[in-house]
Amino acid sequence: MPDRGVSLPRRFYDRPVVEVARDLVGCTLHHRSAAGVIVETEAYHESEPACHAYVGLTPRTGVLFGPPGRAYVYRSYGIHALVNAVTEPEGVGAAVLIRALEPVAGIAEMRARRGRESLRELCSGPGKLTVALGIGLGHNDAPLSGGPLRIAPRAGAWREVEVLAGPRIGITRALELRWRFAAAGSRFLSRPLRGVARSEPLRRR
DNA sequence: CATGGGATTGACT
DNA sequence: GTCAATCCCATGC
């Protein structure tokens with residue numbers, strides 16, 4: 001089956017990173033024949049010190065300052081590859097970290113790549129989901145539309161997903177920002193959301 | 001050029 | 001709950 005599905009348009013990403021992070025929950029991340037619904041994200045922006053782009057334009061952060069709608073993939077703790085969606089206009093360093101998926105396609109290959117059976121644990125973390133989907137550092141700067149790596153808009157029941165916000169995980173700076181977003185009631189999160197607050201009703205315009 | 005610190009995970013006490 | 005694995009890169013001397 002050819003990989004010829006719908007992708008979010010580039011303009012979806014050309015917006016404030018916090019809005020994009022919230023709106024990506026319920027969308028589906030595809031890589032070739034594997035896919036999962038995004039149930040958890042975090043926003044990162046050059047203006048706050050938890051963001052890699054905080055240090056400015058360097059060899060590492062170049063993609064973050066590039067055009068929106070591309071993937072920023074980096075190595076974490078020397079071991080894991082973490083995938084982000086670059087947002088905001090070119091010249092602004094910002095991206096949405098994809099933290100967890102609910103597997104929906106290619107589950108057998110995910111289990112093989114992860115070496116685990118539990119559906120809940122296949123993509124319940126940013127380092128897990130890249131392994132499950134076969135995403136690696138070679139995907140850095142790859143487009144998120146029109147290619148083997150893509151994100152499709154909300155569909156079906158996911159169009160009415162309730163998105164909750166809380167503090168980000170695993171960081172040591174800018175802890176006060178509630179820039180983690182998760183699908184309410186999802187069993188596929190990397191960790192439960194604490195300090196639950198509704199976010200979807202904040203949607204403007 | 002040496003050093004320190006991670007947007008994590010899985011195994012173990 | 002604790003902890004090691006592992007490596008790129010930003011920083012500072």
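Naming: A, B, ... by sequence-line order, numbering from 1 per chain.
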- Any residue meeting side-chain hydrogen bond (donor to acceptor under 3.5 Å, both in side chains) with S186(A), in chain and number order, not counting sequence neighbours: none
Considering non-hydrogen atoms only, spot the tightest contact between [X] and [Y] and give its length.
X	Y	answer
H45(A)	C51(A)	O-CB, 3.1 Å
T61(A)	G56(A)	OG1-O, 2.7 Å
E46(A)	G93(A)	OE1-N, 2.6 Å
A53(A)	F65(A)	O-CZ, 3.6 Å

- Message: Going by side chain to side chain donor-acceptor pair (under 3.5 Å), name the pairs with one or both residues in residues 137-147 of chain A, residues two or more places apart or in two chains.
- Response: H31(A)-H139(A), R70(A)-D141(A)
- Query: Does the side-chain contact (heavy atoms from CB on, under 4.5 Å) test come out yes or no for L149(A) and H30(A), once each step is laid out?
  - Reply: CA-CA 6 Å; L149(A) 186 64; H30(A) 294 255; over 6 Å; no
Among [range], which residues get a heavy atom nearer than 4.0 Å to DNA chain B?
range	answer
residues 62-79 of chain A	Y74(A), S76(A), Y77(A), G78(A)
residues 125-145 of chain A	G125(A), P126(A), G127(A), K128(A)
residues 104-113 of chain A	none
residues 92-102 of chain A	L97(A), R99(A)
residues 47-60 of chain A	A50(A), H52(A)

- Message: Quick check on side-chain contact (heavy atoms from CB on, under 4.5 Å): which of M110(A), R111(A), K128(A), E121(A) does R116(A) satisfy it with?
- Response: E121(A)
Side chain [X], main chain [Y], donor-acceptor under 3.5 Å:
X	Y	answer
R114(A)	L122(A)	yes
S190(A)	G125(A)	no
R150(A)	S7(A)	no
R154(A)	V25(A)	yes

- Query: Any cation-pi pair here, R75(A) with Y77(A), using under 6.0 Å and within 45°?
  - Reply: no
- Task: Dump the intermediate steps for side-chain contact (heavy atoms from CB on, under 4.5 Å) on V73(A) and T130(A), then the final yes or no.
- Result: CA-CA 9 Å; V73(A) 185; T130(A) 53; 5.7 Å; no
- Y74(A) and H52(A) aromatic centres sub-6.0 Å: yes
Can you find a heavy atom in the side chain of [X] that is under 4.5 Å from one in the side chain of [Y]?
X	Y	result
C27(A)	W158(A)	no
Y44(A)	E42(A)	yes
L193(A)	F181(A)	no
V6(A)	P153(A)	yes
Y54(A)	P49(A)	yes
L8(A)	Y13(A)	yes

- How long is the line joining CG of L175(A) and P of dG6(B), in whole Å? 11 Å
- Item | Separation of atom CD in E42(A) from atom C1' in dT8(B), rounded to whole Å | 12 Å
- Go through the steps for E40(A) and I169(A) under the test side-chain contact (heavy atoms from CB on, under 4.5 Å), then give the verdict. CA-CA 11 Å; E40(A) 180 182 342; I169(A) 291 177; 4.1 Å; yes
Detail all sub-3.5 Å separations between protein N/O atoms and N/O atoms belonging to nucleotides 1-4 of chain B.
none

- Item | Outermost nucleotides of DNA chain C that come under 4.0 Å of a non-hydrogen atom of chain A | dA5(C) to dT11(C)
- Task: List the steps and the verdict of side-chain contact (heavy atoms from CB on, under 4.5 Å) for V104(A) and T28(A).
- Result: CA-CA 9 Å; V104(A) 292; T28(A) 302; 4.3 Å; yes
- Is E48(A) salt-bridged to R168(A), cutoff N-O under 4.0 Å? yes
Using a cutoff of under 3.5 Å, can you pull out all pairs of nitrogen or oxygen atoms linking the protein to nucleotides 11-13 of chain B, with atom names and distances?
| unit_1 | atom_1 | unit_2 | atom_2 | d |
| --- | --- | --- | --- | --- |
| dA11(B) | OP2 | R116(A) | NH2 | 3.0 |

- Structure string for DNA chain C in dot-bracket form, Watson-Crick and G-U at under 3.5 Å, | interchain: |||||.||||||.
- Query: Within the structure shown, what part of the strands sits under 4.0 Å from R173(A) by heavy-atom distance: base, sugar-phosphate, or nothing?
  - Reply: nothing
Counting only pairs under 3.5 Å, give me each side-chain donor-acceptor contact of residues 82-92 of chain A, with atom names and distances, residues two or more places apart or in other chains.
| unit_1 | atom_1 | unit_2 | atom_2 | d |
| --- | --- | --- | --- | --- |
| N84(A) | OD1 | L97(A) | N | 3.4 |
| N84(A) | ND2 | Y72(A) | O | 3.2 |
| E88(A) | OE2 | V17(A) | N | 2.7 |

